[in-house]
Structures are given as structure tokens and as C-alpha cells.
There are 2 protein chains.
Amino acid sequence: MVTIYDIAKKANVSPMTVSRVINNSSNIKDTTRQKVEAIIKELGYIPNSAARSLISKRTHIISLLITDITNPFFTRVARGAEDKAKQSGYQLLLSNSDENIDKETEYINMLLSTGVDGVLYAPMGDESKKNLRTLVKSNIPFVLIDRDIQGIQSDIVLGDSYEGARRLVEHLRDQGHKNIALINGPSNTSTARERQRGYEETLRLSNLPYKKKLMWEIQYKEDTADDVIEQLLSLPKNQRPTAIFAGNNFIAVNVIKALNKKGIQVPDDMAIVCFDDFEPISGFNPFLTVAAQSAYSYGYMGAQFLIERIEGTGPKENRRIVLPPEIIVRKSSLGYTFKGRK
Amino acid sequence: MVTIYDIAKKANVSPMTVSRVINNSSNIKDTTRQKVEAIIKELGYIPNSAARSLISKRTHIISLLITDITNPFFTRVARGAEDKAKQSGYQLLLSNSDENIDKETEYINMLLSTGVDGVLYAPMGDESKKNLRTLVKSNIPFVLIDRDIQGIQSDIVLGDSYEGARRLVEHLRDQGHKNIALINGPSNTSTARERQRGYEETLRLSNLPYKKKLMWEIQYKEDTADDVIEQLLSLPKNQRPTAIFAGNNFIAVNVIKALNKKGIQVPDDMAIVCFDDFEPISGFNPFLTVAAQSAYSYGYMGAQFLIERIEGTGPKENRRIVLPPEIIVRKSSLGYTFKGRK
DNA sequence: CTGTTAGCGCTTTCAG
DNA sequence: CTGAAAGCGCTAACAG
């Protein structure tokens, strides 16, 4: 391994001078600088970042803690975060919590000992609060993305789940649907709660009575849609839903699969809408009507805010960015059964 | 920041004893260990990994260098790599080269200075050789995934592109297609070359003459499919393809979009097959006939081999794992035009 | 079983 | 503009 001492010896200067050259310090004679730079190149010297971190307390690594990179939503969050990180000279550490609080906690501990400069944090749910408290105690900057946690002060970038839900349900209503079911994600996430609020509010304002029997809650990751569908289909004909609002894209997929098993076709026999688009596939064989979120921006802006916190630029007050979802109407909510009934 | 000195003072032992406790060294009196551990917990001590790395030359970070996390294929590679890394106590640094050699080189330089323990490397193409040489020179272990590079010695995990191509083209032939076009990725990747070889070989063995005019090469990331489709459609009727073998999933999507612009419907007017599935969406609205690769395994096994290299376990000889693709026949290659013609 | 010493590679501080 | 000394937090090597 080449060190500044090797460079120094060969250049007949002190290690300190080499350090100054590396750090682009001013107050260096041009000829000295050139001589040193030549030798650095010649020997292929690379600064040892462990030694630097030991002094600077900075690693230039930020952690992206999400629930699952495999979800196209988070894939794009990751891409946005990575692009911004790279631009600013940071690297991105990837962690999947799998919506599991223990796994999340394990990662938090790994992150703390790795000494990341900050955490871009999509919490699995309200239980994440204890992990966030750990970060606060350790003085590690973080920015929340996608899901809000009550009582935690930080910058946050998320989507308007309430508004998206409202517009999705309005769309179903406008298609003539009366019995609209909600199959939501777990209510320990702010997004699920907001989506439910939007759902209930829209039904209320539309004079569509909402019934507990039409409202279900399942996990984002485990597929337990079969049970729910079983229950929904066993309702008396006049109460049975003709449309389903799924909490997110994965739930929608599982719901559709469960429906298909029962011989129910989407959209002919059942309309489906959900949150989160399926890029990049949605571009060519579009099927699901969705409230698409600017996932890339969540990552990009989140990383930007985080880096500003790390570097001490950026405002005193916490920023809260709420991005509007875009409703994209596709086949899954445009069945034949209700066409023209409006 | 809490250090071993703080712990030592409070426990009335030497820093070295604290260090031994942290590292689960044997030869520690049980009472001492317990006393120290209690204080570690009390003060919330976390070992400083920069200081450790400075001595051990290990960061317990491995880099995943891929072309684009946004491609579902690489998303799953990443997931596999991360799962294995976590199991073994490593963290994963994410880097997207975007099929761009300069970006890839930039990342290699960042990695070198971060001091990662190893690189799980999906090279953008043959140009990556110079970056691989850099790693070799710096003595950083790496494992290749997905794409092979001539003249580089290392463990490698990849798919059988030749075999997959053969079987996709045979499938098209069996559907009655005579004029089968190839729209391949850039020939500076081993995968594209192998797929082309499989394509040519199958046509030859099937006594289907292959023509230069039916063979095209485009980028994986830039969408230049429109030009190619324009050219293919302008061929005289008896030479015009009725089926297209696309080099990968992204190319297939762009090809389908380009066809649609021209009013050509898939699969009725044109059959399409390609490499790489579109998980997780393929599960419910399946459309493309594909040669699906075990992307997760590439990442998982690749990470395993890499960690074995890092830790000096594992065999002397380089391992070469070639995983067979699975052909999944779906709508996109089952059009009406040729049905029953066989 | 425990402690002392030295040093990993770099930068801060102070002196010239 | 340049250098010497000290130390970041930890552990290897040796001593007891």
C-alpha cells in the first residue's frame, strides 16, 4: 500500500506537504505541487479513507434504508438517491428491512457501527420510532421518505396519499361503482392511514355508505389476499364489491391473482385501482389504474436534503415535501359491466 | 463519542481488556467481562469502524457494481447479493454504471478510495477490462456476474445465453415462423455475442437461412428501436420478419412500443421473445415469452463466492457457474397468424 | 488473565 | 510556503 510517506520520501518533502497537495490546500508552491502530483500518479497513490474518517468523523457514505428494493417503487427511490449521492460525492449503502422491525433494527446497528454520515429512511411503520430515536441519540442526520412517523422531527419527502386515494375512489365512483372495497396495507404506516382516510371521506361525500365489511387490512409483503377475497365474495350479492382499491401495487397483484383463482376476471367482473405504478413495465403492456408517485424524486430530493443536513448547509427548519400523485387510468378499472351506467 | 478509554476508566481496567471483551476474545475472567459489558451497554458504546479498518484493512463493505438497478434483472441480483452479504456480516454499496464506461471508471475509483473489501461486478462490456485490471493491480477481490470478460481470471456466475437463445428461436421456429429477426444488445457484451451465436446456430440447423438484414444491434439503454423497426418493415414482404428475438427485456419493450407506433400488434402481427423476465409483474399479467434467468442466484452466489475470496476460504481454482435459463412461453409469441401452420 | 507500548495513515496545530 | 509533533480509536505483540 502506498502512503503519503512513500510519496513524501520520493519527493523530498514532508508528509504534511503531500497531505496539503491531496487536499488542494492553497499555500503550496506550484513547482512543489507539480512534483508531488507527478509522484502520486506514478505510484498510483490512493488516500486511505479509514485514516481520514478516523480524524474527520466522516465516511461519505449514506445509508438507504428501505423495505424492499424489489418493489419497483423503492427501486426508483434507490435510483434517485444514488444519482444525487454520486453527484455530491457520496456512496450509497443498501438495506432492505422487509417490513420487519427486527431486521430494521439490525440494520440500524450495522449502520451505526459502519459510521454512515446519514440515513435516508423509509420506515417500516410506527414501530420504527425506536430506531429513529437511536439515530437522534447518536446524532446521525436522517431524512424520512414515503412514510411519516408521529413525533419525529426531520425533513421528510412523501406523497399525498389522502389526495391520491380520494381521486382513485372518485374515479371508481364515476365508473358507476357503488360497493367499493378497500384492501389496505397495515395501519401502522402513515400511508395506509391516509389512504383509508381518503377512501372513507370520498365515500361519505359521495353518499356511498361505507361498511366495515368492505374494509380490509393485509400485509404489504405476505400474500394473504386469498382470505380477504374469499370473505368479500361471500357477501350477499347487493353488498358484494364491484371494485377494489388496493393499498399498493403488490397488494393489487395479489388481489388479482386471488380473484383469478376464483374465476373472477379483472376488469370485466371486478375493477381494480391501486397506489404505485409498475415501471418500467407499465410503459408497454399497461393494465393497472394507479396513483403513480414520483418515486425517483423521493429518493433524489431526500438524498439532497440529507446531504445538506450532513454538511450543515440547508435551513434550520425541517422541510416537509408532499408530492402529488398522478392518476393514470388504465384497463383494470374500465370493465364492461359498469360501462355507461354512470 | 464513547471510546474504549471511557469504558476502561469506568471499569477500572485497561483499554486492551475492553478491546478483548468487544472482540469476544477468550482468556477473560467472567466477572471482568460482565463488568465491562455492563458499562458498554450503559454508555451505549459503539466500536469505531474507521479505527478498526485502519488496522485490519477491512471495511466489511462490498460493492455491487451493476449497469442499472432499475432493470428488474439487476434489482433481483441486488436483492440476492444483499441477502447473502447481510448473512455474512457485510454491507452492500450500490453503484450504477448505466452501461457507460466512464461512469463505471468513476465508480471504480470511488470504491478504491472507500476501501471496499471486494466488488461484485456486472461489467458494462469488454471496455470494462481496464477497470478490472485496476482491481487486480490493487489486489481487490472481485467476482463477475452476468457478463464474461475475455482474459480476466476470476469466479464468475452467469447464464447460458447460448442455450437460452437456441430454445427461444426453436420455439419461434416451431410456431411456424420462417423469417425471424434478431434485435440484439451491443456485441461488446459476452451475453449478446452468445445470444447471437445461439440464434445463428438454430437458424442454420433448422435450415432457415439467416440474413444480415434481419440482424440488428442496439443499445440496452437508449431507445433506438424505431429505426430498426422501420428498416425491418420496409423489407419486401417475403423477407419481412414475422417474429423478433429481442436481446433483453428492455429491448423487447422498446421494440413493442415501436411496433405499436407503426400499427403492428403483438402477438397478432408479430411474435416477440426475449431474455429476462419482468418480475414481479410477470406473475399476474403475463405477456412476454422469455428466457428467464435466476437473477437472485447470480447475486446470492456471486456474493458468496466474493466473501469466500475476501476471507480466504474457498478453493484455489476459479469457479465458473453457468445457470440454465428457463423458457416461459406466454402470449407474445402465440399470435393467431401462424397458429396451426406448423 | 491483564496491561504496556507502539503504530495503522492521516490531519490538526503550531512553529518556523 | 513548509515541517515536526501529537493524536484520532483501536489492536498486535509482547510482557508480566
Side-chain angles (χ1 to χ4, degrees), chain A residues 1-40 43-61 89 111-117 138-140, chain B residues 1-40 43-61 89 111-117 138-140:
Chain A
M1 171 178 253
V2 186
T3 73
I4 51 171
Y5 287 89
D6 303 320
I7 310 288
K9 200 175 294 176
K10 197 151 188 182
N12 270 320
V13 295
S14 76
M16 200 48 231
T17 301
V18 179
S19 175
R20 289 196 178 95
V21 170
I22 294 163
N23 294 287
N24 279 313
S25 156
S26 50
N27 298 341
I28 291 262
K29 218 200 315 184
D30 241 21
T31 53
T32 315
R33 174 186 298 280
Q34 279 155 24
K35 184 173 56 177
V36 171
E37 274 170 348
I39 295 174
I40 284 177
L43 299 190
Y45 165 77
I46 294 164
N48 178 320
S49 58
R52 285 177 147 183
S53 294
L54 189 56
I55 301 167
S56 69
K57 314 294 178 210
R58 288 277 169 77
T59 54
H60 279 257
I61 295 177
L111 298 177
L112 287 174
S113 91
T114 304
V116 300
D117 290 347
S138 307
N139 235 328
I140 298 186
Chain B
M1 170 177 251
V2 186
T3 73
I4 52 171
Y5 287 89
D6 303 320
I7 310 289
K9 200 176 293 177
K10 199 151 184 180
N12 270 318
V13 296
S14 76
M16 201 49 229
T17 300
V18 179
S19 175
R20 289 197 177 95
V21 170
I22 294 162
N23 293 288
N24 280 315
S25 155
S26 51
N27 300 340
I28 292 260
K29 218 201 314 183
D30 241 20
T31 53
T32 316
R33 176 187 295 279
Q34 279 156 23
K35 184 173 59 177
V36 171
E37 274 171 350
I39 296 174
I40 284 177
L43 300 189
Y45 165 78
I46 294 164
N48 179 318
S49 56
R52 286 178 146 183
S53 294
L54 189 54
I55 299 167
S56 69
K57 314 293 178 212
R58 287 279 169 79
T59 54
H60 277 259
I61 295 175
L111 299 177
L112 288 174
S113 93
T114 303
V116 299
D117 290 346
S138 307
N139 233 328
I140 298 185

Within the pair Ser19(A) and dT11(C), is there a side-chain N or O less than 4.0 Å away from OP1 or OP2? yes
Atom CG of Asn23(A) and atom C1' of dT12(C): how far apart are they, to the nearest Å? 12 Å
Less than 4.0 angstrom between a side-chain N/O of Ser56(A) and OP1 or OP2 of dT11(C), yes or no? no
Categorize Ile28(A) for me: base, sugar-phosphate, or nothing, with a 4.0 angstrom heavy-atom threshold over every strand shown. sugar-phosphate
Quick check for you: to the nearest 0.5 Å, what is the distance between Tyr45(A) atom OH and Ile4(A) atom CD1? 6.0 Å
Send over the distance from Ile55(B) CD1 to dG9(D) P, rounded to a whole Å. 13 Å
Counting heavy atoms not belonging to Lys9(A), are there more than 12 under 6.0 Å from its NZ? no
Between Arg20(A) and dT11(C), is there a side-chain N or O to OP1/OP2 distance below 4.0 Å? no
Would you indicate which nucleotide in dT11(D), dC1(D), dT2(C) comes nearest to any side-chain atom of Thr32(B)? dT2(C)
Respond yes when some side-chain nitrogen or oxygen of Ser14(B) is under 4.0 Å from OP1 or OP2 of dG3(C), and no when none is. yes
More 5' along DNA chain D: Met16(A) or Leu54(B), using each one's nearest nucleotide? Met16(A)
Enter the distance from Asn139(A):CG to Met1(B):CE here, rounded to the nearest 0.5 Å. 11.0 Å
DNA chain C: 5'-proximal contact among Pro15(A) and Asp30(B) (nearest heavy atom): Asp30(B)
Spacing of OG belonging to Ser14(B) relative to CD1 belonging to Ile7(B), to within rounding of 0.5 Å: 13.0 Å
Once hydrogens and angles are ignored, does a donor-acceptor distance under 3.5 Å link the base of dC10(C) to the side chain of Tyr5(A)? yes
Using a cut-off of strictly less than 4.0 Å, decide whether Asn48(B) has a side-chain nitrogen or oxygen near OP1 or OP2 of dC8(D). no
dG9(D) C1' sits how many Å from Lys57(B) NZ, rounded? 14 Å
Would one find a side-chain N or O of Thr17(B) under 4.0 angstrom from OP1 or OP2 of dT2(C)? no
